[in-house]
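Counting begins at 1 with the first residue of the sequence. Ligands are counted one by one from 1 in listed order, and the atoms in each one are counted from 1 as well.
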Amino acid sequence: MTDKTPPASPPPPGPDGAPPRPSLPRIALVGANGYGLHHRRNLEPRRRRGEIAFVGMCDTAEVHEDEQAPVGDIPVFDDYRKLLDETDPDVVIIATPPPTHLPIASDAMRRGSDVYLEKPPVANLEEYRRLYEVMTETGRNVQVGFQALGSHAFNALRDAIEAGRLGRVEAVGVAGSWRRPDSYYRRSPWAGKREANGVLIADGALANPFAHASQEAIALAGDWPLAGPIELERLRTRERIEVDDTAVWRGTNLNGVRITVAVTVCGDRKLEGDVYVRGTEGEAWFEYPTDRLLLPGETEPKQYGRTDLLDNLLAHRQRGVGLISGLRRAKTFTGVLETVLNDPIPRLVDAASLERVEDDTVTVLKGADQAVEDAARQGRLFSELGLSWA
Ligand SMILES: NC(=O)c1ccc[n+]([C@@H]2O[C@H](COP(=O)([O-])OP(=O)(O)OC[C@H]3O[C@@H](n4cnc5c(N)ncnc54)[C@H](O)[C@@H]3O)[C@@H](O)[C@H]2O)c1
């Protein structure tokens, strides 16, 4: 803890005798361990290049040192209100557990900061409404940390759809198959929990690691709201958790596009996050975590780059560049998340369908990798695929 903020970054360098740059954007981080460490590593090179001032970070736990992102002379706080009062940030990055997002983001905007808010921004549509209200009242910006929306492959795919290369889009499906060891559910106090102190917790394969899969699908299907409720099937393979580790949801948007998102963290074969966009004239394949895209008529996937969402937020503030992942874009996702979180504790899969592998035990659900691919490609729920465990 510090009482007064010392300068956290070098003064703005003027290239070779040029006049000094205008004042640097002042960035603060709330939630400095966990995923916050990724943000520290993202900020560090920008700070060294003299592009930003990293004015402070806050965590209720002791902040971990890191070689790539040393704490150095960056002021550290254990109360975010104190951080806001003492460092006067232009942008506050919030990487704390989801139930804390609404109060921290609201306080930051009321004190005049823009916000980079980790996904999921909030857990339900009522919280979304309240956050949106603060955003419009204060005139501040909220960039939501759905970083895959910054993919240039995403833009190329939308361009191809708009140019008619797929014909009329009928379906978007996403398949994700990862592996997580049992220790993954001990990574933080809220891991694997459905609820704590009466608050629903956004963990589980759909709500947490594969939140991006749902947001990508909704956005690629045209950013339309869904027409009616979603169909949802959630399963768990571990007795000790209360959330899904294998799940599928399906819905149709107001533009008539069917969306199916099928994911597992109990997969034998890895599928990074395969998006299939099927139109009347052709199908595109897009691996959203890696920015690879295969359009109809092409034989090899092309590798694309990505715009970092913090850079985009800063460009938005400085030059009015459009915000890629503004809060409004996360509204449909938030409705899906609300349904997922309100679903009861998922059914436990029979042990006969499971294999325990590796030292740090990984649970593999037999056939889950193929099931998520089939569900995504065919627009089916697990129960429609003739699987013994579904
Ligand atoms: N964009 C992505 O790909 C991605 C990846 C992982 C996590 N996330 C998101 O990042 C957020 C944090 O996830 P995590 O797994 O790092 O969680 P975590 O439980 O590890 O918490 C992160 C840090 O926040 C601190 N913290 C908790 N409450 C706080 C408070 N009130 N004030 C200050 N610090 C506080 C904790 O001590 C911890 O160090 C979540 O919203 C999560 O969904 C995003």
Side-chain angles (χ1 to χ4, degrees), residues 1 28-42 56-66 69 71 75-85 87 89 92-108 115-124 127-128 131 142-151 176 178 180 183-193 196-197 199-216 243 263 265 272-273 288-291 306 308-310 312-313 324-325 327 330 333-334 337 340-341:
M1 281 287 282
L29 172 66
V30 185
N33 301 324
Y35 196 65
L37 188 54
H38 162 89
H39 285 287
R40 283 163 58 193
R41 291 178 179 165
N42 200 35
M57 56 180 128
C58 167
D59 204 295
T60 45
E62 194 176 333
V63 174
H64 303 163
E65 259 307 343
D66 183 69
V71 175
V76 174
F77 298 82
D78 61 11
D79 182 336
Y80 76 88
R81 293 176 202 88
K82 201 151 189 220
L83 165 91
L84 295 176
D85 286 343
T87 67
V92 179
I93 301 173
I94 301 167
T96 51
T100 64
H101 287 184
L102 177 63
I104 300 177
S106 302
D107 284 349
V115 162
Y116 182 120
L117 182 57
E118 262 313 329
K119 63 83 196 158
V122 283
N124 57 60
E127 284 189 357
Y128 171 91
L131 185 63
V142 178
Q143 177 90 298
V144 179
F146 281 119
Q147 66 268 14
L149 289 176
S151 173
W178 298 353
R180 287 287 180 265
S183 61
Y184 172 73
Y185 295 100
R186 295 193 290 274
R187 71 193 189 281
S188 54
W190 53 288
K193 296 266 184 315
N197 308 319
V199 177
L200 295 173
I201 305 285
D203 205 22
L206 269 183
N208 194 353
F210 286 113
H212 303 280
S214 295
Q215 177 61 35
E216 289 289 298
V243 294
V263 299
V265 291
E272 289 281 359
Y288 77 79
T290 63
D291 306 318
R306 208 179 253 208
D308 177 273
L309 293 188
L310 176 66
N312 171 248
L313 175 57
I324 291 173
S325 183
L327 180 60
F333 168 85
T334 304
L337 180 68
V340 171
L341 299 192

Where is the nearest protein heavy atom to atom 39 (O) of ligand 1: which residue, which atom, and how far? Asp59 OD2, 2.6 Å

Heavy-atom distance to atom 43 (O) of ligand 1: which of Lys119, His64, Glu118, His38 wins? Lys119

Is the CD atom of Glu65 crowded by more than 12 outside heavy atoms at less than 6.0 Å? yes

Just which atoms of ligand 1 are under 4.0 Å from any heavy atom in His101? 41 (O)

Taking atom types as modelled and ignoring hydrogens, do the side chains of Thr60 and Asp78 form a donor-acceptor contact shorter than 3.5 angstrom? no

Counting from 1 in the order shown, the ligand 1 atoms closer than 4.0 Å to a non-hydrogen atom of Ala61 are 37 (O)

Give me the residue, atom name and distance of the protein heavy atom closest to atom 22 (C) of ligand 1. Ala95 O, 3.5 Å

Heavy-atom donor-acceptor pair, Asp308 side chain to Leu310 backbone, under 3.5 Å: yes

Pick, from Trp190, Tyr35, Phe77, the option with the minimum heavy-atom distance to atom 5 (C) of ligand 1. Tyr35

Phe146 and His212 aromatic ring geometry - parallel, tilted or perpendicular at 30°/60° bounds: perpendicular

Check this for me, if you would: do Asp66 and Arg41 make a salt bridge, where the nitrogen-to-carboxylate-oxygen distance has to be below 4.0 angstrom? yes

Ligand 1 atoms nearer than 4.0 angstrom to some heavy atom of Gly145 are 1 (N)

To check your reading of the model: name the closest protein heavy atom to atom 40 (C) of ligand 1, its residue, and the distance in Å. Thr96 O, 3.5 Å

Given 3.5 Å as the limit, does a donor-acceptor pair link the side chain of Lys119 with the main chain of Asn208, or not? yes

Identify the protein heavy atom lying closest to atom 21 (O) of ligand 1, giving its residue, its atom name and the separation to 0.1 Å. Pro97 CD, 3.8 Å

Are any of the heavy atoms in Arg187 under 4.0 Å away from ligand 1? no

Residue pair Thr96 / His101: nearest heavy atoms and the distance that separates them: O-NE2, 2.7 Å

Has Pro120 got any heavy atom lying under 4.0 angstrom from an atom of ligand 1? yes

At less than 4.0 angstrom from any non-hydrogen atom of Ser188, what atoms of ligand 1 do you find? 19 (O)

Tell me which protein heavy atom sits closest to atom 24 (O) of ligand 1, plus the residue, atom name and distance to 0.1 Å. Gly31 CA, 3.5 Å

Once rounded to the nearest 0.5 Å, what's the spacing between atom OG of Ser188 and atom CG of Asn33? 11.5 Å

Going by the angle between their ring planes, with limits at 30° and 60°, are Tyr35 and His38 parallel, tilted or perpendicular? parallel

Check contact between Phe146 and ligand 1, using heavy atoms of the residue and a distance below 4.0 angstrom. no

Are Leu149 and Gln143 side-chain neighbours, meaning at least one heavy-atom pair lies under 4.5 Å? no

Ligand-side contact atoms (ligand 1) for residue partner Asn208, heavy atom cut-off under 4.0 Å: 43 (O)

Proximal atoms of ligand 1 relative to Gln147 (non-hydrogen, under 4.0 Å): 1 (N), 2 (C), 3 (O)

With a 4.5 Å heavy-atom cut-off, do Trp190 and Pro99 have their side chains touching? no

Please work out which of the three classes, parallel, tilted or perpendicular, describes the rings of Trp178 and Phe210, given edges at 30° and 60°. tilted

Checking heavy-atom distances from atom 32 (N) of ligand 1 to each of Thr60, Asp79, Val144, the winner is Thr60

Note: Asp78, heavy atoms under 4.0 Å from ligand 1, region reported as neither

Mark up the atoms of ligand 1 that fall under 4.0 Å of a heavy atom belonging to His212, in ascending order. 1 (N), 2 (C), 3 (O)

Atoms of ligand 1 under 4.0 Å from any heavy atom of Gly34, numbered from 1 in the order shown, are 16 (O), 20 (O)

